[in-house]
Amino acid sequence: MLTTLHKELEKRAAEGLLRQRRLLDSPQAEHIVANDQHFLSFCSNDYLGLANRPELIAAMQKAAGESGVGSGASNLITGHHRYHDELEKQLAKFVELPAALLFSTGYMANIGVIGALMDRHDAIFADKLNHACLNEGAYLSRAAFHRFPHNDVAALEKLLTESTATHKLIAADAVFSMDGDIAPLPEYLALCEKYDAYLYIDDAHGFGVLGEHGKGSLSHFKLKSPRIIMMATLGKAAGVAGAFVAGEQVVIDYLIQKANSYVYSTPAPPALSATLTESVRLIEAGDDLRTHLQKLIALLKSTLNTKRWQLLPSDTAVQPLVIGGNHEVLALSEYLQGKGILVPAIRPPTVPAGTGRLRISLSAAHTEDDVKKLVAALHEAEAIL
Ligand SMILES: *Cc1c(COP(=O)(O)O)cnc(C)c1O
């Protein structure tokens, strides 16, 4: 086995696909210290700049003093602290759904929820560009698994008409993590009503950013239905860690019994929940942050003008610049690093072969000057590389 592992790693390296971790020595912010170098960073999903906010640091310190640092046991034994419970109620109210349930990560939420709700008599319909953990949840459930081309409502409808499954679940990222575009959720919900299906949306990149007061993609489209189950992560715009699932009370009650990644796992420390309660308040009060973020998005889109590389059409904080081959995108990312700017090179299998890209991720913590610096460096790179 070890020989195989060596060979696989060598093959990855030869193809420009080897991934390496950077060593971070600063808080997550727009200016970071990584591998002992200072960078202007366009890498994080901390879209509102909350990961290093003094109010949240203070909230975590205070809550740790009151509740300790560990949860000690799973939720169904003694691990369900009042801080977890308060956060669940606050989140449900915020996203305007009847109930919510916390998970320790978005990955755990997706595999747990889909695995619990669907079984071998059911069918899952998934966008081809969905996040890996939605697919993994589908495999775990043993339900029939149908993938449709990205955002293709007609292809999805065709699959639904052909399905004889007992229960049907349409699963999609609301905002696609590597493309930044938004799924046609109103059309999906209409199909759910027509074909008696349910809609599972992963709002990892919409929560905190889109909709009224950052309530997310459901609010963005003003969607309401008992057929909707949403998941959002709390380690991206919310700036901390974790995830929650929200929907009808009966769905949440069922998940508490049946979602294995909930039942058999130790919850995140209660202090994290207390911190998140403060973070959700900052999100709700953060219209100025979202306005500033939108301004930066508009600035990038209106000033970046390269002929060789193309920004994908996105109105969200995720602005992908498609470069093409693995070595090309690495070379560009390295050129920017030489200029003190960090933008991650995203390669297959995260994105389809030949569509290697710089995933520029903007944050309310950036200034207009930061964006101008990035744009100037990209124009320079186009002329030189
Ligand atoms: C990041 C992400 C997840 C996983 O969430 P974590 O809390 O980081 O485990 C799930 N879905 C999407 C679309 C994501 O971008």
Under 6.0 Å between ring centres, would you say that holds for [X] and [Y]?
{"X": "His205", "Y": "Phe176", "value": "no"}
{"X": "His366", "Y": "Phe42", "value": "yes"}
{"X": "Phe103", "Y": "Tyr262", "value": "yes"}
{"X": "Tyr139", "Y": "Phe145", "value": "yes"}

Could you tell me which non-hydrogen atom of [X] sits nearest to which non-hydrogen atom of [Y], and how far apart they are?
{"X": "Leu160", "Y": "Ala197", "answer": "CD2-CB, 4.4 Å"}
{"X": "Ala381", "Y": "Leu332", "answer": "CB-CD1, 3.5 Å"}
{"X": "Val329", "Y": "Gly356", "answer": "CG2-C, 4.1 Å"}
{"X": "Arg19", "Y": "Arg347", "answer": "NH2-O, 3.7 Å"}

Between [Y] and [X], does any NZ, NE, NH1 or NH2 come within less than 4.0 Å of an OD or OE carboxylate oxygen?
{"X": "Glu157", "Y": "Lys194", "answer": "yes"}
{"X": "Glu382", "Y": "Lys307", "answer": "no"}
{"X": "Asp85", "Y": "Lys89", "answer": "yes"}
{"X": "Asp315", "Y": "Lys301", "answer": "yes"}
{"X": "Arg227", "Y": "Asp196", "answer": "yes"}
{"X": "Lys339", "Y": "Glu380", "answer": "yes"}
{"X": "Lys62", "Y": "Glu66", "answer": "yes"}

Would you say the side-chain atoms of [X] and [Y] include a donor-acceptor pair closer than 3.5 Å?
{"X": "Asp181", "Y": "Asn151", "value": "yes"}
{"X": "Glu30", "Y": "Ser41", "value": "no"}
{"X": "Thr367", "Y": "Asp370", "value": "yes"}
{"X": "His131", "Y": "Asn110", "value": "no"}
{"X": "Arg21", "Y": "Asn35", "value": "no"}
{"X": "Thr350", "Y": "Arg357", "value": "no"}
{"X": "Asp253", "Y": "Gln249", "value": "yes"}
{"X": "Ser279", "Y": "Arg281", "value": "no"}

Check whether [X] and [Y] end up in the same hydrophobic cluster, where Ile, Leu, Val, Met, Phe, Trp and Tyr are linked by side-chain heavy atoms less than 4.5 Å apart.
{"X": "Phe207", "Y": "Val240", "result": "yes"}
{"X": "Tyr200", "Y": "Phe221", "result": "no"}
{"X": "Leu185", "Y": "Met231", "result": "no"}
{"X": "Ile77", "Y": "Met108", "result": "no"}
{"X": "Val351", "Y": "Leu358", "result": "no"}

Checklist entry - Are any non-hydrogen side-chain atoms of Leu199 and Ser225 less than 4.5 angstrom apart? => result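 With C-beta onward as the side chain, the pair stays apart.
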
Item to check | Minimum side-chain heavy-atom gap Glu248-Ile228 below 4.5 Å | outcome: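 No, every pair of side-chain atoms sits at 4.5 Å or beyond.
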
Are the side chain of [X] and the backbone N or O of [Y] linked by a donor-acceptor pair below 3.5 Å?
{"X": "Thr316", "Y": "Gly180", "answer": "yes"}
{"X": "Ser219", "Y": "Lys215", "answer": "no"}
{"X": "Arg290", "Y": "Gly208", "answer": "yes"}
{"X": "Thr277", "Y": "Ser273", "answer": "yes"}
{"X": "Asp46", "Y": "Ala51", "answer": "yes"}
{"X": "Thr306", "Y": "Arg308", "answer": "no"}
{"X": "Glu88", "Y": "Leu102", "answer": "yes"}
{"X": "Ser71", "Y": "Pro267", "answer": "yes"}
{"X": "Asn130", "Y": "Ala171", "answer": "yes"}
{"X": "Ser104", "Y": "Ala268", "answer": "no"}

Checklist entry - Run the side chain to side chain contact (heavy atoms under 4.5 Å, CB included) check on Leu129 and Met178 step by step: do they pass? => result CA-CA 9 Å; Leu129 297 189; Met178 298 301 145; over 6 Å; no

Checklist entry - Relative to the ring of Phe125, is the ring of His146 parallel (under 30°), tilted (30 to 60°) or perpendicular (over 60°)? => result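 Answer is parallel, since the angle falls under 30°.
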
Checklist entry - Is the His81 ring parallel, tilted or perpendicular to the Tyr83 ring (thresholds 30°, 60°)? => result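 Aromatic pair His81/Tyr83 classed tilted.
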
Next on the checklist: One pair to check against side chain to side chain donor-acceptor pair (under 3.5 Å): Asp203 and Ser217. What are the steps and the verdict?
Outcome noted: CA-CA 7 Å; Asp203 208 18; Ser217 299; 2.5 Å; yes

Next on the checklist: With rounding to the nearest 0.5 angstrom, report the CG to CG distance, Leu234 to Leu50.
Outcome noted: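 With rounding to 0.5 Å, CG (Leu234) is 11.5 Å from CG (Leu50).
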
Checklist entry - What's the spacing between Leu134 CG and Ile111 CD1 if we round to 0.5 Å? => result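 It comes to 11.0 Å.
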
Checklist entry - Passes side chain to side chain donor-acceptor pair (under 3.5 Å), His213 versus Asp287? Steps please. => result CA-CA 6 Å; His213 304 315; Asp287 284 348; 3.1 Å; yes

Checklist entry - Taking it one step at a time, do Lys158 and Glu162 satisfy salt bridge (charged side-chain N to carboxylate O under 4.0 Å, His left out)? => result CA-CA 6 Å; Lys158 184 154 181 296; Glu162 289 162 359; 3.1 Å; yes

